[in-house]
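The structure appears below as structure tokens.
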Amino acid sequence: MQITNTGKIRSATLANPRISAEFFNRPTLRVARELLGTILVRRINRYKLSGRIVETEAYIGVDDPASHAFGKMTRRNKLMFGPPGHAYIYFIYGNHYCLNFVTESEGYPAAVLIRAFEPLTGIKRMAKNRGESLPGNLTNGPGKLCQALRIDKKLNGTSLDSDQLYLVESDQEKIEVGNSPRIGVSRGKNSKWRFFVKNNPYVSAFRGASR
DNA sequence: TATTGGATCGCC
DNA sequence: GCGATCCAATAG
């Protein structure tokens with residue numbers, strides 16, 4: 001713990017530790033599960049937006065037919081082949097961005113999609129970014145989350161060591177985790193690679209598909 | 001160069 | 001349940 005010369009405790013020393021790139025250099029299913037409950041922080045200038053991750057999905061290897069990395073490396077997916085602990089962001093359906101974190105060792109293409117988080121700080125600003133007032137409808141879906149946090153292609157490839165986007169450990173008690181097939185995929189429906197915090201109201205809305 | 005379909009969302 | 005909207009990948 002550091003004390004400044006005015007006797008104040010530095011707030012940085014009180015903050016929970018950051019999650020390092022090593023956390024992501026592990027099997028993707030484990031990373032996807034263990035990301036639940038951690039805190040995602042987005043800093044825009046001096047503003048801090050943060051929330052607790054409550055829903056993720058894993059995309060693993062060139063044999064996963066639902067993954068962008070299915071088959072081979074392309075211009076879009078090449079970050080998935082890169083080093084772990086970086087953001088992979090893509091644009092989809094002509095309207096939305098999706099945020100992923102690259103996992104596993106360099107050369108093996110895998111990532112975890114962040115589908116939803118529970119807003120903690122900067123909620124008013126997230127609401128403004130979304131043009132939406134209902135707190136439960138700000139970040140309960142991958143496209144909504146990116147809109148609320150102003151995440152777009154400019155952050156593609158950002159390291160989680162950066163100050164714009166990073167993760168910190170949470171001190172919350174244990175959570176109950178559920179899993180299911182991934183949402184919105186046309187192939188790879190048999191793999192139950194979606195993970196979510198049970199009974200958390202900020203998990204994405206059910207859409208006929210799975211839960 | 002043209003075509004096709006998508007890790008979504010909001011509204012009908 | 002459906003259309004918006006545009007980019008990336010693939011086929012030609």
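All values reported here derive from a predicted model rather than from experimental measurement. Below, chain A is the first sequence line, B the second, and so on; all start at residue 1.
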Watson-Crick or G-U pairs under 3.5 Å in DNA chain B, rendered as dot-bracket with [ ] for crossing pairs and | for another strand:
||||||.||||.
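Within the 4.5 Å cutoff, the side chain of A:L113 has no heavy atoms near those of the A:Y88 side chain.
One finds no salt bridge joining A:E104 and A:R26 here, because no Lys/Arg side-chain nitrogen approaches an Asp/Glu carboxylate oxygen to under 4.0 Å.
Sequence order on DNA chain B of the closest nucleotides to A:G141 and A:S186 puts A:S186 first from the 5' end.
Within the nucleic acid shown, A:K189 has no heavy atom closer than 4.0 Å to any nucleic acid atom.
With sequence neighbours excluded, no residue forms a salt bridge (Lys or Arg N to Asp or Glu O under 4.0 Å) with A:R187.
Both the sub-6.0 Å distance and the 45° axial angle are satisfied by A:R18 relative to the ring of A:Y166. Within the cation-pi definition used here (under 6.0 Å to the ring centroid, within 45° of the axis), A:R125 qualifies as a partner of A:Y47. Annotation: cation-pi pair A:R182/A:Y59 present, NZ/CZ under 6.0 Å from the ring centroid and within 45° of its normal.
Set against C:dT10, B:dG10, B:dA7, the side chain of A:R130 has B:dG10 as its closest nucleotide. In the set B:dA7, C:dT10, C:dA8, the nucleotide with an atom closest to the side chain of A:R76 is C:dA8.
Taking every heavy atom of residues 85-99 of chain A and every atom of DNA chain C, pairs under 4.0 Å involve A:F91, A:Y93, A:G94, A:N95, by number.
As a whole-Å value, the separation of A:R187 CZ from B:dG5 P is 11 Å. Protein atom NZ of A:K78 is 15 Å distant from nucleotide atom C1' of C:dA9, rounded to whole Å. One atom, NE2 of A:H68, and another, P of C:dA9, lie 9 Å apart when rounded to the nearest Å. Distance CE (A:M80) to P (C:dA8): 16 Å, rounded to an integer number of Å. Remark: P of C:dC6 and NZ of A:K153 are 14 Å apart, rounded to the nearest angstrom.
Looking at A:E169 and A:N16, their side chains never bring a donor and an acceptor atom within 3.5 Å of each other.
Between A:Y90 and A:H68, the ring-plane angle classifies as perpendicular under the 30° and 60° cut-offs.
In terms of heavy atoms, A:I39 sits closest to A:S50 at CG2-CB, 4.1 Å.
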